[in-house]
There are 4 protein chains.
Amino acid sequence: MSTFVPTPRNSEAKLQHILLHSAAIFAKQGFAGTSIRDISRATGVSLSGLYYYFESKQKLLYLIQNTSFIFIVERLQRRLDGVYQPETRLRILVQNHIEYFLSHPNEMKVLSHEEEALESPYREEVSGIKRRYYALARTIFDSLKADGLASGVNPRVAVLSLFGMMNWIYKWHKPKVDPNEEELTNAIVGIFLNGVRGGMEESALSTAVSPATTDD
Amino acid sequence: MSTFVPTPRNSEAKLQHILLHSAAIFAKQGFAGTSIRDISRATGVSLSGLYYYFESKQKLLYLIQNTSFIFIVERLQRRLDGVYQPETRLRILVQNHIEYFLSHPNEMKVLSHEEEALESPYREEVSGIKRRYYALARTIFDSLKADGLASGVNPRVAVLSLFGMMNWIYKWHKPKVDPNEEELTNAIVGIFLNGVRGGMEESALSTAVSPATTDD
Amino acid sequence: MSTFVPTPRNSEAKLQHILLHSAAIFAKQGFAGTSIRDISRATGVSLSGLYYYFESKQKLLYLIQNTSFIFIVERLQRRLDGVYQPETRLRILVQNHIEYFLSHPNEMKVLSHEEEALESPYREEVSGIKRRYYALARTIFDSLKADGLASGVNPRVAVLSLFGMMNWIYKWHKPKVDPNEEELTNAIVGIFLNGVRGGMEESALSTAVSPATTDD
Amino acid sequence: MSTFVPTPRNSEAKLQHILLHSAAIFAKQGFAGTSIRDISRATGVSLSGLYYYFESKQKLLYLIQNTSFIFIVERLQRRLDGVYQPETRLRILVQNHIEYFLSHPNEMKVLSHEEEALESPYREEVSGIKRRYYALARTIFDSLKADGLASGVNPRVAVLSLFGMMNWIYKWHKPKVDPNEEELTNAIVGIFLNGVRGGMEESALSTAVSPATTDD
DNA sequence: TATGAATGAGTGTTCATTCAT
DNA sequence: TATGAATGAACACTCATTCAT
């Protein structure tokens, strides 16, 4: 609503226009906290006119999540093509994720935050992509381990911690003050690769704390 | 949790009963997706009767978040008391966080997920506690660095990545199949401490990927 | 709520305290627009405690209206006692009315404005007093006429116009800038007595306007 | 009015239909005592459907008051156009007022009785018109005085007493038994003009009553 | 006398969605 | 393609009133 954006003429472009603005409002107010009227206002399309482009609010959320996710995964697969070194593959995954993140903060927030807002049957479809994405990351981690680059850490915990670091970014990253895509990628890849390679013995770490755990 | 729980007799206990069940529904359906009627049904208290215990839905959310957060922070301060070794202090922070997390998954989800659902003036109050909590973590990280235990990584990014790993847990942790509190703490502390200590040169990592960034 | 007024100790005084404050809130917010909670807040008596003093909101309104009206009428009767000159009797009526009005603006507004808010059987009772009050005024007017002090004006219209002038005062009278009781009484009695005595022929008045009445 | 009235087909007519019936219910039950559900029932429009025509209950009240008032004032200005004799102008004002009154008793009651029910910013707007209407009446009175047709009576009190006589009508006028527009206009204009012209000395009137004022 | 705790019915308003055009 | 008009169901919240203590 801030800067005037004219409603596009052709149908496909208009759907993109709607998805773009809807993602922005969902990001700002949450899915449940957004009304179709809000979307009508923000897009300049009449309330009933919107229903030509999506059949329900659920479907709209699905379109945003699905489009975004497919874009991320397909670009990742293209970028991984022909690259075999585990470390490089991992870095490509992180960089691809964060690049999308910083260039599409609204969509990424909707993807991270509104996972559970989606209902059957859309939910299953999106979580199918999510599972494949996770599986790919897991495969990369496993080959890292096979190369001796990861110590005894639980692989599921390791991979999900990596996603935790990446997906949490939407909660704190401010474009003007925080590192850009490259620096952020370096930092997270650095923490992760050094982190899972180990070095410090786990046992030492855990015993160091034992006095504290007994206090209540 | 769906089994019959009798409504407590005295007033203070009844408020706790309401907070407990409300946290559970908010965790499941989201704050905006939960109606006071849902809460009435779940607690066994009449719709209007609930308003004797909190004056608005916002205040209810505030009560849940505030109570939880204060508990976490105060217990942490008690546990840190008299402990000076940075590594140990960090481990206590992580363990304290994860312990609360796994024992109060509903409250923790409400804390992590419904941060933005809270409005003025409650929001400011809760985010005040959040800032103090983050500042404490940051202090610990700084002393870690002073002891030569952290390389050149951006400290803000490092600390927020640690919170990312921890706070993301609510999205994936299944009590029956996933590691318990101790193992989870070990894994995350391990990744973080080894991760920020560095070792692998950053430059090497970043160049390794450059071919991939040119593909689109 | 503005200045602190302690709740009285004994029962009768406390009822008066409640009636006084209730009249003030009813005057300000209207009867339907006032909740018993508002009254609880303003009087310092607990919500349920109020019901010891009146059995329903309707009864409370009745108590205020009835008390006020009876006071006005009884004082009027006392003041009229032994006075026989029609003009003087009329003046006493107006002065008695306006005196109560300016000294009890809240009660008077509740009396004037909330006439219809009262339901059966209270309504009948209060409107009984009102009818007797009007009948008394009408009697005075009739004797005025018998003395040749009122021209051919419709007596019902005349008397109700007098009440109109008096009862409308609550809509505009500001104690600090508007005339006091005496001046106001003089003005209204003056307009009324001169007004009904006539002089100017009615016919002249009505024809003077005839062109205007035909324009639409 | 309770007989079946079909809902109009076109949108503008339907708004008029809603305003008409709403005025009737507000007149009967008071603004605060009327629920939107009452209006839905009376108009035959669904509860939510009403909100297509007005955005809030306050706005509905505003629409009724504003429409009525503007109609009264504009018609008055048209009728006064080209008329310069103060007495005639006064009579036109009264006749215009009473004509609207008797032909639109519901609207007039809402105007007279629900003045304070309107809140910001609507209130200011309506009271702006009201002030202009009063100012016009005051101007007429002032020229009456300039022509020697009004004695020393306080002009504010005089004009507001005139409005008191007129606006009180809604409290007592019964179309079947009470005088019609013309007679009522004659009576009130007569009382007012003769009343303010004076004749009887004020001093005499006021002293006549002094014994009465000392009795309690 | 007085109140904390409680409630069923109702409040104004918004919701996602539909349908005739 | 697009929309004005409409709706049933639901929303957060308040109401006058009650009752055990």
Side-chain angles (χ1 to χ4, degrees), chain A residues 7 9-11 14-15 31-40 43-60, chain B residues 7-12 14-15 31-40 44-60, chain C residues 7-11 14-15 31-40 43-60, chain D residues 7-12 14-15 31-40 44-61:
Chain A
T7 311
R9 293 250 178 247
N10 74 76
S11 190
K14 192 157 176 184
L15 175 59
F31 175 74
T34 300
S35 75
I36 303 285
R37 266 175 171 86
D38 291 335
I39 292 168
S40 165
T43 54
V45 181
S46 77
L47 189 55
S48 45
L50 288 169
Y51 280 82
Y52 177 78
Y53 294 94
F54 53 85
E55 52 219 90
S56 71
K57 202 186 166 191
Q58 280 286 324
K59 181 67 180 282
L60 173 60
Chain B
T7 309
R9 293 250 177 251
N10 75 76
S11 191
E12 175 53 29
K14 192 157 179 183
L15 175 58
F31 176 74
T34 299
S35 76
I36 303 285
R37 271 167 180 86
D38 291 335
I39 292 168
S40 166
V45 181
S46 76
L47 184 56
S48 48
L50 288 170
Y51 281 84
Y52 183 79
Y53 293 93
F54 52 85
E55 53 222 84
S56 69
K57 202 186 166 192
Q58 280 285 326
K59 181 67 179 281
L60 173 59
Chain C
T7 310
R9 294 250 178 246
N10 73 76
S11 191
K14 192 157 179 184
L15 175 58
F31 175 74
T34 300
S35 74
I36 303 286
R37 267 175 169 85
D38 290 335
I39 292 167
S40 165
T43 55
V45 182
S46 77
L47 188 55
S48 45
L50 288 169
Y51 280 83
Y52 178 78
Y53 294 93
F54 53 86
E55 51 218 273
S56 70
K57 201 186 167 191
Q58 279 287 325
K59 181 67 180 281
L60 172 60
Chain D
T7 310
R9 293 250 177 252
N10 75 75
S11 191
E12 175 54 27
K14 191 156 179 183
L15 175 60
F31 175 75
T34 300
S35 76
I36 303 285
R37 274 162 183 88
D38 291 335
I39 292 168
S40 166
V45 181
S46 76
L47 183 55
S48 48
L50 288 169
Y51 280 83
Y52 183 79
Y53 293 94
F54 52 85
E55 52 222 85
S56 70
K57 201 186 168 192
Q58 280 285 326
K59 180 68 180 279
L60 172 60
L61 177 58

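Proteins come first, then strands; the chains are lettered A, B, ... in the order of their sequence lines, and each starts at number 1.
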Novice: So, using ring pair (Phe, Tyr, Trp, His ring centres under 6.0 Å) as the criterion, who are the partners of D/Tyr53 when residues are at least two apart?
Specialist: none
Novice: To the nearest 0.5 Å, what is the distance between CG on D/Asn10 and CG on D/Leu15?
Specialist: 10.5 Å
Novice: Quote, to the nearest angstrom, the C1' distance that separates F/dT21 from E/dT1.
Specialist: 12 Å
Novice: What's the CG-C1' distance between B/Asn10 and E/dA6, to the nearest Å?
Specialist: 15 Å
Novice: Begin from the C-alpha positions of A/Gln58 and A/Phe31 and carry the test side-chain contact (heavy atoms from CB on, under 4.5 Å) through to its verdict.
Specialist: CA-CA 9 Å; A/Gln58 280 286 324; A/Phe31 175 74; 3.8 Å; yes
Novice: When rounded to the nearest 0.5 angstrom, what is the spacing between OG in C/Ser48 and CD1 in C/Ile36?
Specialist: 11.5 Å
Novice: Can you name the one residue among A/Ile39, A/Thr34, A/Leu50 that meets side-chain contact (heavy atoms from CB on, under 4.5 Å) with A/Leu60?
Specialist: A/Ile39
Novice: Quick one: B/Glu12 CD to E/dG4 C1', roughly how many Å, whole number?
Specialist: 15 Å
Novice: How does DNA chain F look in dot-bracket form if you count Watson-Crick and G-U pairs under 3.5 Å, write [ ] for pairs that cross, and put | where a base pairs with another strand?
Specialist: .||||||||||||||||||||
Novice: If I take atom CD1 in residue B/Ile39 and atom P in nucleotide F/dA10, what distance separates them, rounded to the nearest angstrom?
Specialist: 17 Å
Novice: Any idea which heavy atoms bring B/Ala32 and A/Gly33 closest together, and the distance?
Specialist: CB-N, 4.1 Å
Novice: Hey, is the side chain of C/Lys14 poking within less than 4.0 Å of OP1 or OP2 on E/dT1, counting only N and O atoms?
Specialist: no
Novice: Nearest whole angstrom, please: distance from the P of F/dA6 to the CG of D/Leu15.
Specialist: 11 Å
Novice: OH of A/Tyr52 versus C1' of E/dT21: gap in Å, rounded?
Specialist: 16 Å
Novice: Atom CG in D/Leu47, atom CZ in D/Arg37: separation rounded to 0.5 Å?
Specialist: 5.0 Å
Novice: Atom pairs under 3.5 Å, N or O on each side, protein against nucleotides 12-15 of chain F: can you list them with distances?
Specialist:
| residue | atom | partner | partner atom | Å |
| --- | --- | --- | --- | --- |
| F/dA12 | OP1 | B/Thr34 | O | 3.2 |
| F/dA12 | OP1 | B/Lys57 | NZ | 3.1 |
| F/dA12 | OP2 | B/Ile36 | N | 2.9 |
| F/dC13 | OP2 | B/Tyr51 | OH | 3.1 |
| F/dC13 | OP2 | B/Lys57 | N | 2.8 |

Novice: As an exercise, state the distance from OH of D/Tyr51 to OG of D/Ser40, rounded to the nearest 0.5 Å.
Specialist: 10.5 Å
Novice: A/Lys59 NZ to E/dA16 C1': how many Å, rounded?
Specialist: 16 Å
